[in-house]
Amino acid sequence: MDLRQFLMCLSLCTAFALSKPTEKKDRVHHEPQLSDKVHNDAQSFDYDHDAFLGAEEAKTFDQLTPEESKERLGKIVSKIDGDKDGFVTVDELKAWIKFAQKRWIYEDVERQWKGHDLNEDGLVSWEEYKNATYGYVLDDPDPDDGFNYKQMMVRDERRFKMADKDGDLIATKEEFTAFLHPEEYDYMKDIVVQETMEDIDKNADGFIDLEEYIGDMYSHDGNADEPEWVKTEREQFVEFRDKNRDGKMDKEETKDWILPSDYDHAEAEARHLVYESDQNKDGKLTKEEIVDKYDLFVGSQATDFGEALVRHDEF
């Protein structure tokens with residue numbers, strides 16, 4: 001892979017690999033399921049373990065004794081208690097569950113952070129990001145790979161400015177996370193919609209019509225007959241996507257399509273864990289209440305809690 005191809009992979013523009021003619025491209029951002037296990041506490045707490053620690057962490061639970069599990073669970077509780085008032089609320093538990101489920105995002109940010117914080121001051125400025133990502137390739141007026149790096153850089157700069165809440169063109173790690181993964185942040189959702197519309201809106205009229213919608217998902221590639229799923233998508237566009245029936249999707253209709261209001265699994269699980277563990281029914285949990293129900297949270301199995309704690313330091 002040459003430098004330009006590598007940069008293209010790293011580009012933060014919303015880009016998608018070319019699909020095969022009968023392969024569907026999906027732009028919809030859904031909240032992931034917390035576990036592929038059945039949520040039935042009468043049979044097991046496997047779903048709750050996956051939700052609380054993440055499925056990958058939960059797989060390694062067979063090494064600890066119950067006593068060790070309780071001890072390490074207590075350490076995690078201290079991390080979940082964000083305001084250090086001695087209680088874990090539904091909101092704090094929900095935030096932890098979301099962190100556990102999206103640990104891969106934070107790992108990705110850590111990898112990229114090291115390559116972009118050039119002066120190692122714990123911040124990433126736009127200049128640092130630009131120099132590390134694009135560098136001298138911007139000096140080539142006619143790249144032979146066909147990519148317009150200046151246009152890509154302008155788009156990245158716009159997203160960087162949106163992520164940078166205080167407008168100083170210097171990103172904290174949280175702002176850098178919003179820049180790399182804007183679909184995870186409410187205040188970045190408009191930029192996700194804007195970039196998506198720019199990708200699909202080929203005639204640049206500010207809307208996505210039916211043929212642009214289908215063309216983004218499917219390439220005819222000389223085939224006269226469309227697959228059945230393409231016909232279904234045409235029906236979906238007419239019946240559900242284009243809500244005002246004007247033959248095209250505007251910004252709000254596009255937002256409803258790619259960023260649907262999903263059921264909040266993390267909040268539901270947080271409420272469930274509090275309900276099952278809250279002995280005095282005050283709506284919040286002490287460390288003792290959680291550890292007493294350790295089998296619900298982690299069971300008498302083992303995990304690398306030390307790694308979980310390290311990863312949580314930036315949370």
**OP:** Decide yes or no on side-chain hydrogen bond (donor to acceptor under 3.5 Å, both in side chains) for Glu67 and Tyr294, but give the supporting numbers first.
**Re:** CA-CA 10 Å; Glu67 291 73 23; Tyr294 80 98; over 6 Å; no
Original post:
Checking salt bridge (Lys or Arg N to Asp or Glu O under 4.0 Å) for the pair Lys114/Glu120: CA distance, chi angles, key distance, verdict?
Top reply: CA-CA 8 Å; Lys114 294 174 183 177; Glu120 299 183 351; over 6 Å; no
**OP:** Run the numbers on Lys173 and Glu110 for salt bridge (Lys or Arg N to Asp or Glu O under 4.0 Å), then give the verdict.
**Re:** CA-CA 9 Å; Lys173 188 164 287 186; Glu110 285 297 327; 2.8 Å; yes
Original post:
Is there a side-chain hydrogen bond (donor to acceptor under 3.5 Å, both in side chains) between Glu226 and Tyr218 once you walk through the steps?
Top reply: CA-CA 9 Å; Glu226 291 181 341; Tyr218 171 74; over 6 Å; no
**OP:** Report the C-alpha separation of Ile80 and Phe52 in whole Å, then their side-chain angles, then the decisive distance to 0.1 Å, and conclude whether the side chain to side chain contact (heavy atoms under 4.5 Å, CB included) test is met.
**Re:** CA-CA 11 Å; Ile80 299 174; Phe52 185 68; 3.6 Å; yes
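His49 places a side-chain N or O within 3.5 Å of a backbone atom of Asp295 that can act as its donor or acceptor partner. Under the 3.5 Å distance criterion, the side-chain polar atoms of Lys293 are left unmatched by any main-chain donor or acceptor of Leu273. Checked by atom type and distance alone, the side chain of Gln112 never pairs as donor or acceptor with a backbone atom of Phe176 at under 3.5 Å. Counting only distance, with no hydrogens or angles, the side chain of Arg103 and the backbone of Leu53 share a donor-acceptor pair below 3.5 Å. Not a single donor-acceptor pair under 3.5 Å links the side chain of Glu233 to the backbone N or O of Ile214. Without hydrogens or angle criteria, Asp164 side chain to Asp168 main chain gives a donor-acceptor distance under 3.5 Å. Looking only at distances, a side-chain donor or acceptor of Arg159 sits under 3.5 Å from a matching main-chain atom of Phe179. For the pair Asp278 (side chain) and Asp282 (backbone), a donor-acceptor distance under 3.5 Å is present. Side-chain atoms of Glu128 come within 3.5 Å of backbone atoms of Leu118 as a donor-acceptor pair (strictly under, hydrogens ignored). Glu92 contributes a side-chain N or O that, together with a main-chain N or O of Thr89, makes up a donor-acceptor pair within less than 3.5 Å.
Not less than 6.0 angstrom separates the ring centroid of His116 from the ring centroid of Trp126.
Heavy atoms only, all atoms of each residue included: Ala100 and Ala51 are closest at CB-O, 4.2 Å.
In this structure, Ile208 CD1 and Tyr213 OH are separated by 9.5 Å, a value rounded to the nearest 0.5 Å. In this structure, OG on Ser125 lies 8.5 Å from CG on Asp117, to the nearest 0.5 angstrom. Expressed to the nearest 0.5 Å, how far CE of Met249 lies from CZ of Arg241 amounts to 7.5 Å. Atom CD of Glu195 and atom CG of Asp190 lie 11.5 Å apart (nearest 0.5 Å).
Residues Arg158 and Glu198 are paired through a salt bridge, judged by an N-O separation under 4.0 Å between the basic side chain and the carboxylate. Of the charged side-chain nitrogens involved, none lies within less than 4.0 Å of a carboxylate oxygen, so that Lys248 and Asp242 do not count as a salt-bridged pair. A salt bridge between Glu211 and Arg234 is present, with a side-chain N of the basic residue lying under 4.0 Å from a carboxylate O of the acidic one. Contact check on Asp81 versus Lys284 returns no salt bridge, with no Lys/Arg side-chain nitrogen under 4.0 Å from an Asp/Glu carboxylate oxygen.
Within a 6.0 Å sphere centred on OH of Tyr275, other residues, nucleotides and ligands contribute 12 heavy atoms or fewer.
Remark: Tyr47 pairs with no residue by the side chain to side chain donor-acceptor pair (under 3.5 Å) rule, at least two apart or across chains.
Between the side chains of Asp46 and His39, no donor N or O sits under 3.5 Å from an acceptor N or O.
The aromatic rings of Tyr106 and Phe99 sit tilted relative to each other, their planes meeting at an angle between 30° and 60°.
Residue pairs satisfying the side-chain hydrogen bond (donor to acceptor under 3.5 Å, both in side chains) criterion with at least one member in residues 251-260, sequence neighbours excluded, are listed as follows: Lys243-Asp256.
Under the 4.5 angstrom side-chain criterion for Ile, Leu, Val, Met, Phe, Trp and Tyr, the cluster partners of Leu123 are Ile170.
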